[in-house]
Amino acid sequence: TEYAIAAAGPTRNPRDPERTPGGSSSGPAAAVAAGMVPLAVGSQTIGSVIRPALYCGVPGFKPSYGAINLEGVMPLAPGLDHLGLFAADWRLLCQAFQVLADTADTPAQTPGRCLVVSAPSDLRLSNASRAAMDRARARIERAGYALVEAPDLGAMRNETDPLAKDLVTAGLACHHGGNMDNDADSLSPTARALMQKGRAFSDAEIGEMDRRLAALRQAADNAIRPGDLVLSDAIEDVAPPWSADHTGPNRLQAIWSVLGLPTTAWTVGDDPATGLPVGVQLSSARGTDVWLLHEMERLERR
């Protein structure tokens, strides 16, 4: 996907070639889902690992912010950029993360709470997505977790959603605006519009964004402790039809990129109406990446 945010690439969804594989990490998700490779690397700034993983029906993982060194990775919004992984199974994904990670994992406690973050009330989820959430809740409860509604975490979206958009447009203009100046015709209209919007921010406004980002991450660290799972809706529906203009909505995934928490894409079945995969997101406390991946393997076995 152009600059990991704008026009879609030509990649299609292996489960249905008339549909998008998601983005921006379209290629790696599709390659794993098609059986071309068992493991692939992607990136996420808003929802570019979680959404493709679920649209294509493969395990996907966005680590804690800063867990994997980003040297050599194209920058979009450095305060939000994460390297991510797709794999044929959770064990391989965990092994790959441990090879790549620059940080030691924080030992988690015995599983206890599962904090449930509901989708925004103004967002209409499909029957398939609602059923996926119900199925995930039941499996997590059978695994020994106490389900606890967490409206305060959900309310953070009022700040995280607009902040993610502003940071991305500011970062895109900063790191790639020169391409628009030198060869605007090679960019899509979407990319040009985002860059122009990003250039409108002053240095003071960008500094304020960074301060808000740090404050939100501290608030999340205070609310989520090691041993907690955080369950949330991840996609509004199954993968939509392929289009050059979009790779599916990213509103549900943005919060966990802003908060910088480790997050997995968990496919919990197929939609009976379309035969396409549906699933949810599971997050945990910052720095408990390996613990979360081990829990995913345990949940999958169940």
Side-chain angles (χ1 to χ4, degrees), residues 1-37 40 42-60 62 76 84 86 88 119-120 122-136 157 161 164-165 168-169 172 186-194 232-257 263-281:
T1 304
E2 182 189 29
Y3 295 108
I5 191 64
T11 307
R12 303 299 182 103
N13 192 319
R15 296 290 295 265
D16 180 351
E18 296 305 312
R19 295 178 184 263
T20 178
S24 61
S25 299
S26 312
V32 172
M36 296 166 66
V37 295
S43 66
Q44 174 158 317
T45 302
I46 296 181
S48 296
V49 167
I50 299 302
R51 194 169 66 260
L54 291 175
Y55 282 174
C56 294
V58 297
K62 179 202 76 67
L76 179 54
F86 305 88
D122 64 334
L123 200 62
R124 297 188 62 178
L125 300 182
S126 68
N127 291 335
S129 288
R130 287 198 297 269
M133 188 68 161
D134 291 342
R135 198 174 302 135
R157 284 198 176 98
D161 288 359
K165 293 177 182 177
V168 166
T169 54
L172 184 63
S186 68
L187 276 61
S188 70
T190 298
R192 292 197 297 269
L194 290 171
S232 61
D233 300 280
I235 51 176
E236 298 171 29
D237 200 354
V238 298
W242 185 89
S243 166
D245 297 324
H246 72 89
T247 57
N250 57 24
R251 185 176 174 190
L252 286 170
Q253 308 106 46
I255 181 173
W256 309 118
S257 292
T263 303
T264 58
W266 185 25
T267 301
V268 295
D270 291 341
D271 169 33
T274 62
L276 293 170
V278 288
V280 298
Q281 299 171 109

In this structure, CG of Leu123 is separated from CD of Glu236 (nearest 0.5 Å) by 4.0 Å

- Message: When you compare the side chain of Val278 with that of Leu54, does any pair of heavy atoms fall below 4.5 Å?
- Response: no

Interatomic distance, CG@Asp237 vs CZ@Arg124, rounded to 0.5 Å, equals 11.5 Å

Heavy atoms of Ala254 and Asp161 approach each other most closely as CB-OD1, 4.0 Å

Check your understanding: Would Phe86 and Cys56 count as a side-chain contact (heavy atoms from CB on, under 4.5 Å) if you check the C-alpha gap in whole Å, the side-chain angles of each, and the deciding distance to 0.1 Å?
Key -> CA-CA 10 Å; Phe86 305 88; Cys56 294; over 6 Å; no

To the nearest 0.5 Å, atom CG of Asp16 lies from atom OG1 of Thr274 at 8.5 Å

- State whether a side-chain donor-acceptor pair under 3.5 Å links Ser48 with Ser24. yes

**Report entry** Any donor-acceptor pair under 3.5 Å from Thr45 side chain to Leu76 backbone
**Finding:** no

**Message:** Donor-acceptor pair, distance only, cut-off 3.5 Å: does the side chain of Gln281 make one with the backbone of Asp233?
**Reply:** yes

d(Ser257 OG, Asn250 CG) to nearest 0.5 Å is 9.0 Å

Looking only at heavy atoms, the pair that brings Ala239 and Asn13 closest together is CB-ND2, 3.7 Å

TODO: Could you tell me whether Arg12 sits above the aromatic face of Trp242, with NZ or CZ closer than 6.0 angstrom to the six-membered ring centre and within 45 degrees of the axis?
DONE: yes

Checking the side chain of Ser126 only, and the main-chain atoms of Ser129 only, is there a donor and an acceptor separated by less than 3.5 Å? yes

Q: Apply side-chain contact (heavy atoms from CB on, under 4.5 Å) to Thr190 and His246, showing your working.
A: CA-CA 10 Å; Thr190 298; His246 72 89; over 6 Å; no

Are Leu172 and Tyr3 side-chain neighbours, meaning at least one heavy-atom pair lies under 4.5 Å? yes

When every non-hydrogen atom of Pro277 is compared with those of Asp270, the smallest separation belongs to CA-OD1, 3.4 Å

- Query: Does the side-chain contact (heavy atoms from CB on, under 4.5 Å) test come out yes or no for Arg135 and Val280, once each step is laid out?
  - Reply: CA-CA 10 Å; Arg135 198 174 302 135; Val280 298; over 6 Å; no

Test item: Ser26 side-chain N/O and Gly22 main-chain N/O as donor-acceptor pair under 3.5 Å
yes

Is the backbone N or O of Gly275 less than 3.5 Å from a side-chain atom of Arg15, with the two atoms forming a donor-acceptor pair by type?
yes

Correct closest heavy-atom pair for Gly248 and Tyr55 would be CA-OH, 3.6 Å

For Ile46 and Ile5 the tightest heavy-atom approach is CD1-CD1, 4.4 Å

*Taking the side chain as C-beta and beyond, is there a heavy-atom pair between Ile235 and Leu252 under 4.5 Å?*
no

Those residues at least two apart in sequence (or on a different chain) that pass side-chain hydrogen bond (donor to acceptor under 3.5 Å, both in side chains) with Arg130 are Asn127

Residues Ala29 and Ala53: closest non-hydrogen pair is CB-N, 4.3 Å

- Query: Do Asp271 side-chain atoms and Ala128 backbone N/O form a donor-acceptor pair below 3.5 Å?
  - Reply: no

dist Arg51:CZ -> Thr20:OG1 (nearest 0.5 Å) comes out at 7.5 Å

Heavy-atom donor-acceptor pair, Gln44 side chain to Val49 backbone, under 3.5 Å:
yes

Would Val268 and Met133 satisfy side-chain contact (heavy atoms from CB on, under 4.5 Å), going step by step from the backbone distance to the final call?
CA-CA 9 Å; Val268 295; Met133 188 68 161; over 6 Å; no

Is it the case that Ser188 and Glu2 place a side-chain donor and acceptor less than 3.5 Å from each other? yes

- Query: Going by heavy atoms in the side chains, are Trp266 and Pro59 under 4.5 Å from each other?
  - Reply: no

- Does Thr267 reach the main-chain N or O of Gly269 with its side chain, forming a donor-acceptor pair under 3.5 Å? no

